[in-house]
Each structure stands twice: as structure tokens, then as C-alpha cells.
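Model, not experiment: these values are computed from the prediction.
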Amino acid sequence: MEQILTVLIADDNPSDRILLKAILSQFGHKVVSAVDGQDAIDKFDPHTIQLVCLDIKMPYKDGWEAAFEIQRIAGDVFVPIIFLSGVSDPIALSNCLRIGGTDFISKPYSPALITAKLNAIVRLLVMQKTLEEQRDAMRTYNEQLLNDQDIAKVVYENITHSNCLEDPALSTFHYGTHTFNGDVILAAYKPNGGMHLLLGDFTGHGLSAAIGALPLADIFFDWTKKGFLMRQIIPEINARLKRVLPANMFCSAVFIDIKVNNKSIEIWNGGLPDVLFFSKNTKQPVRFTSKNLPLGVLSPDAFESQIEAVSFSPGDRLMAFSDGVYEALDVSGQMFCHSVLTPLYHGHVDADRSVDWLIEQLEKEGVLKNPHDDISCLSVRLDASIGIDSLEGGYLQAHHEAPADFSFEYVLNADSLRNTDPLPYVLQILTTVPGLSSFSSQIFMILSELYSNALEHGVLQLNSEKKSSSDGFSEYYEERESRLAKLTNGYVKISVKVTSDHHCRSLVLYVEDSGSGFDFKSVNFDISNTELLYNRGLALLDQLCSKLEFTKGGRAVTAYYDWQVGLDS
Amino acid sequence: MVESFFDKTTRCLTIKVNGRFDYSCHKMFKEAFTSVTIATSYDVNLADVSYLDSSALGMLLLLRDHAGGDKAQVRLLYANGAVIDILKIANFHRLFDITE
């Protein structure tokens with residue numbers, strides 16, 4: 001414990017001052033002498049003086065006054081003060097310690113005692129110094145960490161937030177326990193109208209949980225934009241998460257596909273509490289239980305997804321929340337799922353107020369003050385107009401564009417009809433034409449209507465009248481799956497032709513199927529007839545296209561889509 | 001709290017978790033199954049688990065991975081109602097043999 005200290009001694013008695021200086025110098029310490037309290041204050045510099053010895057009784061300022069002043073000057077720097085005293089009055093001595101003195105030394109001086117006390121002081125100083133260094137290192141580290149997190153948070157939010165969350169049909173609620181949230185809510189408009197929604201909850205909390213959201217959001221937005229279907233996106237997300245996440249990390253999630261052209265929703269639930277569907281037709285909400293393993297658990301070849309479908313009427317509502325809600329504890333220590341949520345499950349809560357109601361409950365039960373998990377909730381008011389208004393963003397005034405002139409034919413036979421979705425690929429080629437890329441939403445909608453008609457009614461011979469009831473609706477889709485799985489014969493031919501003539505551009509989409517056609521003369525093209533669940537597709541097409549033409553007894557349909565370029569007015 | 005017991009004749013490693021099964025058990029749980037290298041089957045006794053969170057589900061997946069993935073023999077035993085509920089929501093009965 002050898003350490004050289006610089007010691008400030010203040011004593012008005014010259015002989016005592018010289019004696020103490022001699023003792024301290026003997027041990028190698030440097031000594032600065034002061035003759036009274038004020039002199040001590042003047043000579044004190046917290047950066048050079050490590051120990052101060054003050055006589056109690058001194059002129060101008062006494063030891064106590066000087067001690068106050070010296071402590072003030074020292075500020076954050078710890079400089080021990082030892083009082084020197086000829087008195088042995090316990091009250092005076094305890095007063096020295098009370099005002100912040102570290103110790104006192106009684107006169108007459110004993111070299112042995114002074115040595116022992118100095119050693120103790122040196123230990124104290126070394127400890128203090130170590131603590132200060134650690135504190136400063138921690139402070140720097142923490143600042144660095146917070147700074148890094150703030151930057152990462154900006155990147156994270158840019159990737160995981162889409163403007164689509166602002167859609168008036170959506171109400172969301174997000175409450176994180178850390179800077180980063182292990183829960184994620186994603187929403188994206190589909191190119192043909194409607195919306196994809198995802199509520200995910202990654203294992204754990206904070207940054208490690210949030211990091212998995214990046215590949216998830218990436219695929220979700222990218223694939224939705226390209227026109228892939230929910231049943232194609234989910235396995236892709238699963239495969240990517242399985243590949244990049246450690247074995248003990250996964251994402252419990254609900255994926256919702258809102259289809260506006262036939263007013264239905266499809267729900268995939270893997271590991272989250274029941275999704276609630278509030279319909280005007282039922283008193284209690286319909287519950288969609290988790291029927292799948294969370295994302296990122298199964299390897300791609302073992303992965304299968306169970307999707308449920310239901311049709312909706314405008315004004316119906318869908319609600320999903322993470323297990324932070326389900327497992328939250330109320331004031332009596334019971335889990336929300338067994339206590340607070342009961343009225344919600346029984347349909348006693350107004351569906352339109354359900355998110356506000358839930359926030360109120362979380363506040364009332366003190367969950368928000370002390371959450372032990374990330375909490376998020378999503379509610380959507382279902383309507384056939386979701387994602388349709390956004391399509392109008394596509395009607396940008398046409399600019400000068402190079403003429404395009406090409407055609408191709410894409411024939412899918414039974415095996416490919418079963419295993420492939422050709423639409424994203426066809427759309428990708430079509431959007432190489434600048435004019436068409438700005439109308440890609442409409443093009444995609446036309447293409448997907450034509451293709452699903454050809455496949456479902458043509459090749460698979462499904463009768464769309466089935467879809468007129470909500471039960472029949474899910475039956476229809478089950479039937480579609482099973483017929484498709486057994487398909488051995490049949491084809492769909494997609495023929496595309498793009499031509500340019502001066503300012504006029506034209507796209508001709510021809511779709512032919514191997515089915516037996518239908519009575520196209522009886523089709524009602526009145527889109528306002530909302531009672532009609534199943535012919536809405538054709539009515540919509542008729543509106544979007546310049547001309548719609550049936551041939552070959554209804555087995556083939558040609559859609560003409562025209563646009564103009566280079567007109568400045 | 002995590003305790004473990006290895007039966008040399010059946011080569012079954014039993015891991016018993018008590019109280020809250022969450023991230024605080026992570027180190028002990030992992031040590032429990034990595035310390036025995038010759039186990040062929042695993043029993044996780046959940047009788048005294050009051051609560052289980054998603055990181056516990058992650059630990060079970062880690063054990064399953066360690067025990068051979070799809071070929072793993074891992075049984076989850078005596079889980080109470082609330083714990084069963086959580087396992088069911090996650091559809092873990094498709095990965096583990098769950099006995100109430």
C-alpha cells in the first residue's frame with residue numbers, strides 16, 4: 001500500500017505544523033502548509049491535494065468552516081479531511097465527523113498512530129479511485145449502449161413499420177418492456193386490394209427478441225408487394241427464421257389475409273392466444289385457436305400450415321393479441337385469460353371499443369405500470385374497401401415511356417397447377433413496362449381474377465354458388481384444396497400481348513382453361529348488386545378493363561387494358 | 001430451480017423444474033442436459049412449475065434439438081392446467097410427448 005500523497009496541513013501553531021510536516025515527510029509524503037483556515041481554502045486544489053489535515057481552532061476561519069468550503073470546492077472529487085485537535089471533548093470530536101470529516105488525530109502527535117491512520121486513508125483512497133473508475137467506465141459504456149440502441153431502433157422501426165398501420169380500419173396497441181419490443185405488428189396492402197396483417201411475438205424480450213423481426217418484416221412486405229399469397233409467404237418466413245434463429249428462439253404469430261373481392265378473411269394462428277372474430281351474426285365472438293406451431297420451429301419439409309377461412313360483412317371486427325395480454329396478472333394475481341378477458345370472450349364488450357376497453361383493463365389492473373412481457377394488440381374493422389383506396393395511388397399521370405411490344409404464352413398443366421402460383425412471375429414481366437408498373441395493382445387484380453376463375457370454375461369445376469353462405473364458403477375452399485390435390489388432368493393457358501401505337505399502349509390478357517365453359521351471356525355485371533357473393537369478380541373485371549370478351553363457350557376470356565402515354569394535358 | 005437425475009439402467013435423464021420456468025432457469029436447465037452425454041431419453045417433470053414463458057418453450061426446443069431433433073425422445077410430464085394451456089397454444093404436443 002505504498003502511495004505518496006500530497007497533504008495540505010493547516011495549523012496556526014507553528015511548532016505543531018512543523019512537527020506533523022516532519023512526520024509525514026518522513027514517510028515520503030509531500031506537504032503543503034497553511035497558517036489558518038482561509039489560507040487552507042486558498043491553497044486547496046482538488047486536483048493536486050489528496051488529503052487535508054485541519055486544526056479545529058484557527059483564526060479567520062476555523063477548521064469546520066474551512067472543511068465546508070473545501071468540500072464545496074472538491075465537488076465530485078473525494079478528498080478525505082482529518083481534524084487535528086488538542087481538545088478531547090467528545091461533542092467537538094463527533095462534530096468533526098458529522099460535518100464530513102473522515103477521522104481526527106489528537107494532539108500531542110503519536111507517530112505510530114499517524115502512520116496507522118494514514119495507511120487506512122490510503123486504502124480508502126485506493127478503493128474510492130477504483131470505484132470512480134468503474135463508475136465512469138460503466139457510465140461511458142451505458143451511454144454508448146443507449147446510443148447504439150437508439151440508432152438500431154431507428155433502423156428497426158424503418159424496417160418493421162409500414163404506413164399501412166395508419167389505415168383507419170386498424171387499431172393497434174403496443175407496449176414494450178424494453179427500448180426494443182419482441183412483439184411486432186405488420187400490415188401491408190396487397191396489390192389486388194385487401195390487406196395482409198401479422199402480429200408476432202418473438203421468444204424473450206428486448207434487442208435479442210427484436211432482431212428476428214427484421215427478416216420477418218423483410219419477407220412480409222416484399223412478398224406481399226409482389227403478389228404472393230399468405231399460404232406462400234408463411235412457409236417462406238418459417239424457413240428463413242428456422243435458418244437464422246438459434247434453436248431456442250421462435251416467433252408465435254397470427255397471419256391474417258383480408259380478401260376484399262369475396263369479403264372473406266383467412267387466419268393462420270401459430271402459438272398466439274385465440275383470434276376473436278366479432279360478427280353481427282353471432283352473440284359471442286368466434287375464436288380461432290392456434291392450430292400451428294410457431295414460426296421458426298419446424299424445418300421446411302416438416303412444416304405444414306392450417307389456415308381457416310370465414311366470410312365477413314362490412315363492420316365485423318377481428319381482434320388478436322400477444323400472450324403478454326393473455327398471461328398478464330390482474331390485481332388479485334389471476335391471469336387475464338381466466339378473469340379479466342371473460343366478458344370479451346362472452347361478447348359483452350362492444351367490439352368497436354374492444355382495444356380501448358383492453359387498454360383500460362390493463363391500466364386498471366396495474367399491468368402497464370409493471371409489465372413482465374411485451375404487450376400488443378391488433379384490431380381491424382373489416383370492410384370491402386380495405387386497401388382499395390390505396391390502389392388509386394397508382395393513377396399517376398403517364399409520362400414519356402419507351403414503346404413496348406412483346407408477347408408470351410404460359411401454359412400450366414396439372415402438376416404445375418398444383419404446385420405453382422404463376423401470377424407473381426407474370427406480373428414481374430408485365431411490370432417491366434413502365435406504364436404497367438404504375439398500374440400494377442389493377443393488372444394484378446385482373447390477372448388474379450382471370451386465373452382463379454379459370455382454375456376454380458374451369459379446371460376444378462367448382463360451383464361458386466356454394467360461396468353464398470358462410471359455411472359453404474369454407475367448404476368451397478376445402479373442396480378447392482382437395483380437388484387441386486387430386487388433379488391429374490387439365491391446363492390453364494395465359495397469353496400476354498403488349499403493343500404500342502403512338503400514344504396508345506395496350507395489354508391483352510387471354511386466359512383459357514380446359515373446363516367446360518359457362519353461360520357467359522347470363523352474367524350480371526352490376527357491381528352494386530352486393531347480394532351476389534360469387535359473380536362480383538367478373539363485375540369488377542368489367543369495370544377495370546376496357547373490354548372483356550368471352551370465347552370458346554366461356555372457356556376462354558380476353559381482357560383488354562389500354563392506357564395512354566405522353567399526353568401532357 | 002432445476003434439479004436433474006440420471007437413471008443409468010434406463011439411460012433416462014429426468015429434469016425437474018420448480019416454480020417459475022423462465023429465463024432465470026436458462027443456465028441451470030442447459031447445464032442439466034449437457035452434463036449427461038449418454039442419455040437416450042429425457043423426462044421433464046413440470047409438476048411443480050407454476051408458470052412457463054416463451055423462453056422456457058425455447059429451452060424445451062433446445063433440449064429437443066440436443067436430444068436429436070425429430071428423432072428426440074422427450075416427455076413433458078405432469079404439467080398443471082395453466083402450463084398445459086401454454087403448451088397447447090404453442091402446439092407443442094406435435095413435438096413432445098405430453099402427459100398430464
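Residues A/Phe250 and A/Leu295 come closest through the heavy atom pair CB-O, 3.4 Å. The two residues A/Leu245 and A/Gly212 have their closest heavy-atom pair at CD2-CA, 4.1 Å.
Proximity to chain B (any heavy atom under 4.5 Å) is restricted, for A/Leu298, to the side chain, taken from C-beta onward. For B/Asp85, the part lying under 4.5 angstrom from a heavy atom of chain A is the side chain only. Contact of B/Leu60 with chain A is not made at all, since no heavy-atom distance falls under 4.5 Å. There is no contact between B/Leu63 and chain A, counting heavy-atom distances below 4.5 Å. For B/Phe92, the parts lying near chain A are the backbone and the side chain together; criterion is any non-hydrogen pair under 4.5 Å. In this structure, chain A has a heavy atom under 4.5 Å from the side chain of B/His26, while its backbone stays farther away.
A/Ser290 and B/Asn91 form a side-chain donor-acceptor contact under 3.5 Å, judged by distance and modelled atom types alone.
When A/Pro294, A/Gly270, A/Pro273 are compared by the number of non-hydrogen pairs under 4.5 Å with chain B, A/Pro294 comes out ahead. For the set B/Gly58, B/Gly69, B/Ala56, the count of heavy-atom pairs under 4.5 angstrom toward chain A peaks at B/Gly58.
Electrostatic pairing of A/Lys291 and A/Glu304 does not count as a salt bridge here, judged by no charged N lying under 4.0 Å from a carboxylate O.
Counting heavy atoms of neighbouring residues, nucleotides and ligands inside a 6.0 Å radius, atom CZ of A/Phe173 exceeds 12 of them.
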With ring pair (Phe, Tyr, Trp, His ring centres under 6.0 Å) as the criterion, how do A/Trp268 and A/Phe255 come out once you've worked through the C-alpha distance, each side chain's angles and the decisive distance to 0.1 Å? CA-CA 5 Å; A/Trp268 180 95; A/Phe255 199 128; 7.8 Å; no
